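All values derive from a computational prediction rather than experimental measurement.
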Amino acid sequence: MTTSSYDPTLPLPGERGELLHALAEQRALLLITARDLTDAQARERTTASELTLGGIVKHLTRCEQVWTHIMVKGDGELPEGMLDLEQYRMVEGETLAELLEQYAVAAHGTENAVAALPDLDRSVPLPRTPWSPPQTVHWSARRILLHVIRETAQHAGHADIIREALDGASTTAQR
């Protein structure tokens, strides 16, 4: 399963295409860790962390959804579910296939939003969170996209460790 319709052989020109390509590469590494897993394995904790492979996919889906919303809407409002801690848990009744499909839809939404932006310099106010400074912080669309890339790369690394602890598989060996 792919995470999106984005085809790196037909990139957008310039910086936008380069950034989307970098994000697509990180998504692909993440997806290697979910190959050939049962739902039970995707829910299984294999380290001291509460993170599971299914939980990481679910969180990164929400990550792309909320940051794309922030980037496009630009109203400084807190997107629904941004602070919901359940986004880190694959609960009973959820399937890995469903979570992967939702991730693909979110990825496609991110790519379409980035492609539609007039430019990456567009600055938007970030929503207030419990850890926000007292003043309103603004980020460019570029910085938001870089944040999503960083978040995806960080969790792809977590997923690799979780998968290796689960059954010895690693992204390096499965590429």
Side-chain angles (χ1 to χ4, degrees), residues 3-6 12 15-31 33-34 42-43 45 47 49-159 162:
T3 59
S4 71
S5 62
Y6 177 68
L12 289 171
E15 179 185 22
R16 219 181 283 246
E18 293 290 335
L19 292 171
L20 286 176
H21 183 77
L23 181 54
E25 289 175 328
Q26 293 308 309
R27 288 184 193 126
L29 290 173
L30 171 73
L31 290 179
T33 68
R43 261 187 225 96
R45 283 182 54 209
T47 67
S49 169
E50 293 287 326
L51 291 174
T52 67
L53 292 170
I56 289 172
V57 171
K58 188 174 176 179
H59 165 62
L60 287 174
T61 299
R62 183 64 55 89
C63 172
E64 292 216 26
Q65 291 167 336
V66 300
W67 284 104
T68 297
H69 175 91
I70 291 166
M71 180 174 56
V72 171
K73 246 343 208 176
D75 60 7
E77 295 297 316
L78 189 70
E80 185 177 334
M82 184 173 182
L83 304 180
D84 180 7
L85 294 179
E86 287 302 307
Q87 69 180 287
Y88 296 94
R89 293 180 187 88
M90 180 179 174
V91 296
E92 204 61 45
E94 290 179 321
T95 68
L96 182 58
E98 291 168 342
L99 294 179
L100 291 171
E101 182 57 35
Q102 291 166 8
Y103 188 46
V105 169
H108 185 70
T110 299
E111 292 151 5
N112 286 339
V114 170
L117 288 171
D119 64 64
L120 295 177
D121 291 326
R122 178 175 193 255
S123 181
V124 298
L126 298 187
R128 292 238 180 252
T129 61
W131 53 87
S132 294
Q135 72 279 9
T136 300
V137 175
H138 288 78
W139 279 7
S140 67
R142 175 183 299 100
R143 179 144 182 213
I144 290 171
L145 188 53
L146 288 168
H147 175 74
V148 172
I149 293 167
R150 185 208 50 82
E151 187 83 4
T152 304
Q154 177 181 0
H155 286 303
H158 294 150
I162 292 167

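- Every side chain to side chain contact (heavy atoms under 4.5 Å, CB included) that Ala42 has, sequence neighbours left out, goes to Met90, Leu96.
- Atom-to-atom distance recorded for Gln65:CD and Leu60:CG is 11.0 Å, nearest 0.5 angstrom.
- Listed by chain and residue number, nothing satisfies the side chain to side chain contact (heavy atoms under 4.5 Å, CB included) test with Pro134 (two or more places apart in sequence, or in another chain).
- The line from CD1 of Ile149 to CZ of Arg27 is 9.0 Å long, rounded to the nearest 0.5 Å.
- Side-chain polar atoms of Gln102 and Thr61 form no donor-acceptor pair below 3.5 angstrom.
- Of the possible donor and acceptor atoms, one in the side chain of Arg122 sits under 3.5 Å from a partner among the backbone N and O of Met71.
- Contact between Val124 and Gly74 at its shortest, heavy atoms only, is CG1-CA, 3.6 Å.
- Partners of Arg45 under the salt bridge (charged side-chain N to carboxylate O under 4.0 Å, His left out) rule, at least two apart in sequence or in another chain, are Glu50.
- Across every non-hydrogen atom of Ile144 and Trp139, the tightest pair is CG1-CE3, 3.9 Å.
- With a 4.5 Å cut-off on side-chain heavy atoms, Thr152 and Cys63 do not count as touching.
- The shortest heavy-atom contact between Leu120 and Leu19 is CD1-CD1, 3.8 Å.
- For the atom pair CG (Leu145) and CZ (Arg16), the distance works out to 10.0 Å, reported to the nearest 0.5 Å.
- Listed by first then second residue, pairs satisfying salt bridge (charged side-chain N to carboxylate O under 4.0 Å, His left out) with a partner in residues 129-148 read Glu15-Arg142, Asp121-Arg142, not counting sequence neighbours.
- Within the structure, the ring-ring contact (aromatic ring centres under 6.0 Å, His included) test picks out no pair touching residues 115-138 (sequence neighbours left out).
- Under the rule for a side chain to side chain contact (heavy atoms under 4.5 Å, CB included), the partners of His69 that lie at least two apart in sequence or sit in another chain are Lys73, Pro79.
- Residues satisfying the salt bridge (charged side-chain N to carboxylate O under 4.0 Å, His left out) criterion with Arg43, sequence neighbours excluded, are absent altogether.
- Within a 6.0 Å radius of CD in Gln154, other residues, nucleotides and ligands contribute more than 12 heavy atoms.
- Distance CG/Leu53 to CD1/Ile162: 5.0 Å, rounded to 0.5 Å.
- Between atom CG of residue Asp75 and atom CD1 of residue Ile70 there is a gap of 9.0 Å, rounded to the nearest 0.5 Å.
- Pairing each heavy atom of Leu30 with each of Ile56, the nearest pair is CD1-CG2, 3.8 Å.
- By the side-chain hydrogen bond (donor to acceptor under 3.5 Å, both in side chains) test, Thr136 is found to be paired with Arg128, residues two or more places apart in sequence or in another chain being considered.
- For Glu151, there are no salt bridge (charged side-chain N to carboxylate O under 4.0 Å, His left out) partners, not counting sequence neighbours.
- Scanning for side-chain hydrogen bond (donor to acceptor under 3.5 Å, both in side chains) contacts around Asp119 gives an empty result, with sequence neighbours left out.
- Listed by chain and number, the residues in a side-chain hydrogen bond (donor to acceptor under 3.5 Å, both in side chains) with Glu86 are Arg89 (sequence neighbours excluded).
- Listed for the Thr110 side chain is a donor-acceptor partner under 3.5 Å among the backbone atoms of Ala106.
- Residues His158 and Ser49 have side chains not in contact (no heavy-atom distance under 4.5 Å, counting atoms from C-beta outward).
- Residues Glu64 and Tyr103 form a side-chain contact, since some pair of their non-hydrogen atoms from C-beta on lies under 4.5 Å apart.
- You'll find the side chain of Pro130 reaches within 4.5 Å of the side chain of Leu83, heavy atoms only.
- Closest heavy-atom contact between Leu100 and Ala34: CD2-CB, 4.4 Å.
- In this structure, the side-chain hydrogen bond (donor to acceptor under 3.5 Å, both in side chains) partners of Gln87, at least two apart in sequence or on a different chain, are His59.
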